[in-house]
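Numbers restart at 1 for each chain; the letters A, B, ... are given by sequence-line order, proteins then strands. We use all heavy atoms of the structure for the numbers below, so side chains are in, but hydrogens, waters and symmetry mates are not. Quick caveat, the model's predicted, so the values are computed rather than measured.
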Amino acid sequence: MSNTAGQAYAFLAMTPIVSGEEDGLRAYIEGFAQTRPFERLPRTHFARLVILPDWVNDPSQPKEDHLHSQYLIFSTTFDGPLDSYLDELCDRMAPECKEVWGRCIGAPRRTRGAPLKNYLLHNQIDIGFFVSAYPHASVEKVQSVLARRKQLTDFAVRTQGLDPSELRHAYKQEF
Amino acid sequence: MASTVSTQLDMGDIQGDILFAYGNDYVCTSYVFVNVEGADGRSWLGALVDRVTSARPWPKDPDGATIKRDTTLNLAFTAAGLAALGVAPELLATFSSEFLSGMASRAGELGDVGPSAPSNWDPGLGTGEAHVLATINAKRSDLLERELTAFREHAERCGVTIVNEQHAELLGGQREHFGFADGFGQPAIEGVSEHKSVGGGVPEPDGRWRPLAPGEFILGYEDEDSRVDDEQRLPSAPATPLGRCGTYMVYRKLHQDVALWRKTLRDAAHGYEGGERKLAAKIVGRWPNGAPLVTSPEDEDPDFDPTQAHSNDFRYLDDDPDGRRCPLGAHIRRSNPRDALGWEGLDDAGLLAFRHRIIRRGMPYGPPLAPNVTADDGDDRGLVFVCFNASLSRQFESVQQQWLNDGNPFALGDDRDFLLGDASGSGKMTIQGDPPFFLAPQQSFVTTKGGEYLFAPGMTALAALADATESGL
Amino acid sequence: MASRATTMSNAKPTAEAATVAARRPAARTRSRSARPPVAAPRPRTASGRDTPAATAAALADGGDKVLGTPSRNVDGKAIAITVFSTVKWPGRFFLPVVFFVGTHVPTPISRTLSKLSFIHFARWTLVREMPDNGQPSETLQYPHLYFESNFNGGWAEYIDAFSHILAGGMKFFWSTSYGFPQPLPTGPFKVYIERNETDASHFYSAYPQATTTMILSGLELEKKLKSFDEKSVGLGDEEFAAQWRDFLTDVQELV
């Protein structure tokens, strides 16, 4: 199982949604586009919440496969390790966790701390193959090199044609 | 080379100026958009269809000289136009979604924001009022006037209104307003223009080139996907009888700020060793006379002749991988990367580019700005950009959105096409070299003043559209 | 000249497939009932491989699904794709081997994936059973392959590149999935992915305006800048300018 690539961790959990709560859950999650709660978990590279109504069946299958509940897929790529990340999730996104996993079957009544973490771990699905274009770069590193790149580019454009002493001076000021 | 297309193109059923350009004999063109609301659109159309020019070869006189008509007429329809003509909803639904949405609704994707936003467009464009586009080419302006008068009278008689009219005219030397020779670099199409394959076709391993399947540009025929399909299925097209032999058309009126272009070049060239003319060439990827930078990296080859077979023969990956000749972000490198999206060890380096080719037509409009003037005189001038493709989203839109308005496919980050840019102006351009030269982010030289997505039907389809008795249509 | 149009899947051609005007499919509804509905297949038309009618129907259904990228699958320049496919019996054993090889052996698959420089992160895994939480018990008839990617660029371009460049390696992931057409031509493959794709309700990126190539350039640039910085300490102005010039020449493709 490869849940990791470099220092990045790929977490995936599928939890059954309480019957009748699917629309409410979806509507609630869609609000995250405005509130962006994952910004509170700065170790998160990417995260997604997907509601799976049922298996996708292909007409060529001999028989169909159906789920008896709809499932919430929570998939996140973050800077490891797993345990402390889940702690952060349960803590810093406590209200959202309550609304989201509070609508899932089998979730602890108190959706905080260890009980919720254990619930998510119980529903974790290990990853078979995980690839990353920059496996050793943390979120912080990514953001910092992006800023640096922009800074350097702007500087290079701005200082084009300066004479050597002006250039030196500008460089000292900038970097 | 044996053609793999099993069906010959039915030139009599395809409109003209798509596969074969009418040519520079036609020095002026009028683009007339009409609205048929409240009028008998089909009978207005019916009186015109017999005069629409097809792709049939021009007749020849006894001495073998080609006889071209004084004027040509071609018709294309917006989604609103097809609906207004009474095309049934189920039939309309078989057109592509981006065509149905219309160009104005794609403004975000196309970079038509700020000054280029549809709210700033010329009247009649992007509002749903434009139903049918009549393109009239003429050998002389008096001939054009004569045709336009007849066209207007006919429209008035039928109660059809003209909502936008654009006149265009060739500038001297096949140039456009920034001073660059334009109009070549067209795709080589099997059965049509195979002689252009070198440089205009798909670059293959070992230096070979091959022409593109006609279905990339005309519906009802095999496209590139058909070639790799066991069942050789055809690409999706609007349903019979409207789809076959038709194609999607892009019309964009692009205003060019020539004064700003000249001024920017003049100012930027102070620090550029190669000088103003070379800097301009670096932005475009060709010298003003059309000589490609890849083959003429230092100086403008005065003998460059675009009609010669190998004038377009160059590749990027082998001849210029680092952009030292033709910058990685130069306009022509972006609009047709050839093999530049490939990498070492990838057998077929043209793979990611070859399905995004377009046929370009169109013409400059507006009076030229007097030489050496760098202050805007307020005149409206620019380019009427017209292109044809079988898929708006895969061809025109991809080029516009992924290649011109973004740098990511070329590992250029945020950089946009410096020539066309988009109105947000946040991108610089790197002219690769030792050392590199940077062009600072710029306000756009080019602004979109209007546009439409259209469908140019085949001749049979045109007749079917005009036939009011055609049921279900 | 009759077009050689055929239906797209292995299913027997039906009367539906023969009609030219596509029938609107039953919408993949957001279920209000306890029992989730079967996701309705997109209509297959006789006129060609892609289904513009399906896209038009999806437009009517889902509002903003144009070019396969609804806004909820997008954050800035980053795009999410989430795909499930039902796996045939042999896949149960075959896929874990593919995963192992992909992970531990630098095969053409992983090398090529890294060259597809618009992917940030991607993952594949086989779902064999659903953990028990007291929900109505699930008995999976088949294992299901989960695929997820975070990438840049157009959806269609992405699938195009996948189709062409991974025509060899990609087969290994999906060859044991029901209904998987060949990766080429790209049309049926795009439709297959779109049918099997589920839209996200929320997609988040910590750096939405960044593309993978920008990040990779940034990582390399930082190293080079650091090295330049160290080298240039104490240089005279003229020498510094010369070094700076060399530095820019060296990093010009990273800025």
Option in A:Pro16, A:Gly106, A:Ala147 with maximal non-hydrogen atom pairs under 4.5 Å from chain C: A:Pro16
A:Ala10, part contacting chain C, at a heavy-atom distance under 4.5 Å: both
Geometric class of the A:His45/C:Tyr207 ring pair [parallel <30°, tilted 30-60°, perpendicular >60°]: perpendicular
Shortest non-hydrogen contact from C:Arg123 toward A:Thr77: NH2-OG1, 3.1 Å
Partner chain C: residue of A:Phe130, A:Phe38, A:Tyr171, A:Phe46 with the largest heavy-atom pair count (under 4.5 Å): A:Phe46
Donor-acceptor contact below 3.5 Å, side chain C:Thr86 vs main chain A:Val56: yes
Most contacts with chain C, counted as non-hydrogen pairs under 4.5 angstrom, among A:Glu39, A:Arg148, A:His169: A:Glu39
Nearest-0.5 Å distance that lies between atom CD in C:Glu222 and atom OG in A:Ser144: 5.0 Å
Residues in residues 243-255 of chain C near chain A [non-hydrogen atoms, under 4.5 Å]: C:Trp244, C:Phe247, C:Leu248, C:Leu254, C:Val255
A:Arg48 and C:Thr82: CA distance, side-chain angles, deciding distance, side-chain hydrogen bond (donor to acceptor under 3.5 Å, both in side chains) verdict: CA-CA 9 Å; A:Arg48 65 182 72 182; C:Thr82 314; 2.7 Å; yes
Heavy-atom contact with chain C under 4.5 Å, split by part of A:Ala8: side chain
Proximal component of A:Thr15, with respect to chain C [non-hydrogen, under 4.5 Å]: neither
Structural part of C:Leu221 lying under 4.5 Å from a heavy atom of chain A: side chain
A:Pro164 backbone acceptor or donor facing C:Asp237 side chain under 3.5 Å: no
Segment of C:Ala242 engaging chain A (4.5 angstrom heavy-atom cut-off): neither
Contact summary for A:Asn57 and C:Arg195, nearest pair of heavy atoms: O-NH2, 3.8 Å
Part of C:Pro96 within contact of chain A (heavy atom distance under 4.5 Å): neither
Heavy-atom closest contact (A:Ile29 atom, C:Ser201 atom, distance): CG2-CB, 3.6 Å
Donor-acceptor contact below 3.5 Å, side chain C:Tyr142 vs main chain A:Lys63: yes
Chain C contact via A:Phe155 - which portion, at a heavy-atom distance below 4.5 Å: side chain
Structural part of A:Lys141 lying under 4.5 Å from a heavy atom of chain C: side chain
Closest-packed option against chain C by number of heavy-atom pairs under 4.5 Å, given A:Asn123, A:Val157, A:Thr44: A:Asn123
C:Phe84 and A:Asp54: CA distance, side-chain angles, deciding distance, side chain to side chain contact (heavy atoms under 4.5 Å, CB included) verdict: CA-CA 10 Å; C:Phe84 271 104; A:Asp54 195 5; over 6 Å; no
Contacting region of A:Pro42 [heavy-atom separation from chain C under 4.5 Å]: neither
Interface moiety of C:Ser137 toward chain A, non-hydrogen atoms closer than 4.5 Å: backbone
Chain A contact via C:Gln135 - which portion, at a heavy-atom distance below 4.5 Å: both
Which atoms of C:Thr139 approach chain A - backbone, side chain, both or neither, heavy atom under 4.5 Å: backbone
C:Ser232 versus A:Arg168, closest heavy-atom pair with distance: O-NH2, 3.2 Å
Segment of A:Tyr28 engaging chain C (4.5 angstrom heavy-atom cut-off): neither
When A:Asp163, A:Leu152, A:Leu162 are compared by non-hydrogen pairs under 4.5 Å with chain C, the top option: A:Leu152
Atom of C:Leu216, atom of A:Tyr134 and distance for their closest heavy-atom approach: CD2-CB, 4.2 Å
Check: A:Ser60 side chain, C:Tyr178 main-chain N or O, donor-acceptor pair, under 3.5 Å: no
Where C:Glu138 and A:His68 come nearest, the two heavy atoms and their spacing: OE1-N, 2.9 Å
A:Arg36/C:Asp75 ion pair, N-O < 4.0 Å: yes
Verdict with supporting geometry, C:Tyr146 and A:Leu52, side chain to side chain contact (heavy atoms under 4.5 Å, CB included): CA-CA 12 Å; C:Tyr146 174 83; A:Leu52 184 71; over 6 Å; no
